[in-house]
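The shown structure was predicted, so the numbers you read here are calculated from the model rather than taken from an experiment. Order of the sequence lines fixes the chain letters, A, B, ..., with proteins taken first and strands second; residue numbering starts at 1 for each chain.
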Protein chains: 2
Amino acid sequence: MTCEPQIGDVFGELLRDALAVATGVGPRPLAGGRLPRPVIEIIERDDGLVNGAPAAHYLDRPERWQPYDHRAVDRVRGATLDVGVGAGRIALPLQERGVPVTGLDTSTGALDVCRRRGVRDLVHGTVDAHAASGRRYDTFLLLGNNVGLLEGRGRAPGFLAALAALARPGAQVIAQGTDPYGTRDPVHTGYHERNRRRGRLGGQLRLRLRYRELGTPWFDYLVCSPDELASLVRGSAWRLADVDDRDAPYYLATLQLRGR
Amino acid sequence: MTCEPQIGDVFGELLRDALAVATGVGPRPLAGGRLPRPVIEIIERDDGLVNGAPAAHYLDRPERWQPYDHRAVDRVRGATLDVGVGAGRIALPLQERGVPVTGLDTSTGALDVCRRRGVRDLVHGTVDAHAASGRRYDTFLLLGNNVGLLEGRGRAPGFLAALAALARPGAQVIAQGTDPYGTRDPVHTGYHERNRRRGRLGGQLRLRLRYRELGTPWFDYLVCSPDELASLVRGSAWRLADVDDRDAPYYLATLQLRGR
């Protein structure tokens, strides 16, 4: 036996089961074949830290959102691309309000869940691939900590360029992040320090997700301060126009497309 | 970085945090240093399967118990050893009823949690080590699936002999197990089949527990049918006197000490 997970659509399987638990439709995870079992997302960090988090929040209706999610959605205008649409937590209420919203995800299972929940406009793939489609947007949403998709100094320029290629003049990015540097927990401060010694940003997490027998490959996910975000944005087609940190350590960053 | 957990008192840390969440006393796990985070026990199986389970149930008062726990406790008589006392879920209500109960655990953190919750008689160690103490019992409890502590054909005789060494004449063991063979999930049936090909019992799970940066070493934990349990007990100082499977696949097995 290998002790290693099979590579697969962890996020899609997780959301499919979370939807089954929430709706009572379809096979639900059971303990001993009988007692309901909550769907738990398992996040492993490459130093051996592991965290389990109930997946139900991916389906949260606005009544259960954090305050910054509401403020993010209030900033939406025009054609909107929800980058990492997940289970459609944000896209579905936007669509219900009449916002022309497209959900993008690399997980086919996540897109299935969105479709079953009623999200109409869905695209499978990365922002880079989607840029070739010719579709253009006024607002890009990176919610649910998806500042993380910038990954680090290596990936951020390409990611921001792909968003710019998808952007109409005057477009904005609304990105939610978490400043990781308030903690004194040595498990985290030691990790940040080791990262910096290796030339990485302190909160450049190397993670994989696991659910049942499946795992993702290891990937970088960025948890950074607003200052670090500002330095990643510098030199790109975007300008960091605003940081709303009323719910610190969580924040909403607004990027504006520079005039050309 | 290693991707491997540090070996440590996973169960104790988990229960300590679960107690802090339940009581509001002491540092509680937080997401982003701010939002409460449930305590999740992570169970890895050696084929790469992983499961996250909320730890709160370890503190459940009788109102939240499964029916078989109540029936187990109703069978208790005399001096009682709760083997794998955990957070004292069973021992504390027994003590409140006036039962002379001793809680045994290999986790010092679990014993700390028991002590803080008010369990008075606690012993650190294994049944084997405790047998040397000279203390003797009328009832042994293996609840919370602790039939698992029999591990398999290799360990079961020694474990049952240690209980017999701790037993007064006429003593009983009340052990709760789960029959694992009702499932058609190939993740499980395939595991059972591979186990049997290697000469192990089908449900002889090879597991480790993880919590935050800590992990246990890999250990065997037995999930077996009542028939398999009967065959493990055969030839020991115990006789399988009764199997209550009213809540199948969960069951309560009662072992009686043979007359000498």
Tell me whether the count of non-hydrogen atoms from other residues, nucleotides or ligands lying under 6.0 Å of CZ in B:R64 goes above 12. no
Quick check on the interface: out of B:H188, B:R45, B:R206, B:Q66, who has the most heavy-atom pairs with chain A under 4.5 Å? B:Q66
Heavy-atom proximity to chain A below 4.5 Å, by part of B:D185: side chain
If one checks every heavy atom of B:R212 against chain A at 4.5 Å, the contacting part turns out to be both
Pair count under 4.5 Å, heavy atoms only, with chain A: among B:N145, B:L49, B:I40, B:V50, highest is B:V50
Step through the shown structure and confirm whether more than 12 heavy atoms of other residues, nucleotides or ligands are within 6.0 Å of CZ on A:R61. yes
Looking at every non-hydrogen atom in both residues, tell me the closest pair between A:I42 and B:N51 and how far apart they are. CD1-C, 3.9 Å
Among A:E44, A:E41, A:R208, A:Q6, which has the most heavy-atom pairs under 4.5 Å with chain B? A:E44
For the interface with chain A, which of B:G215, B:A248, B:P180, B:A53 has the highest count of heavy-atom pairs at distances below 4.5 Å? B:A248
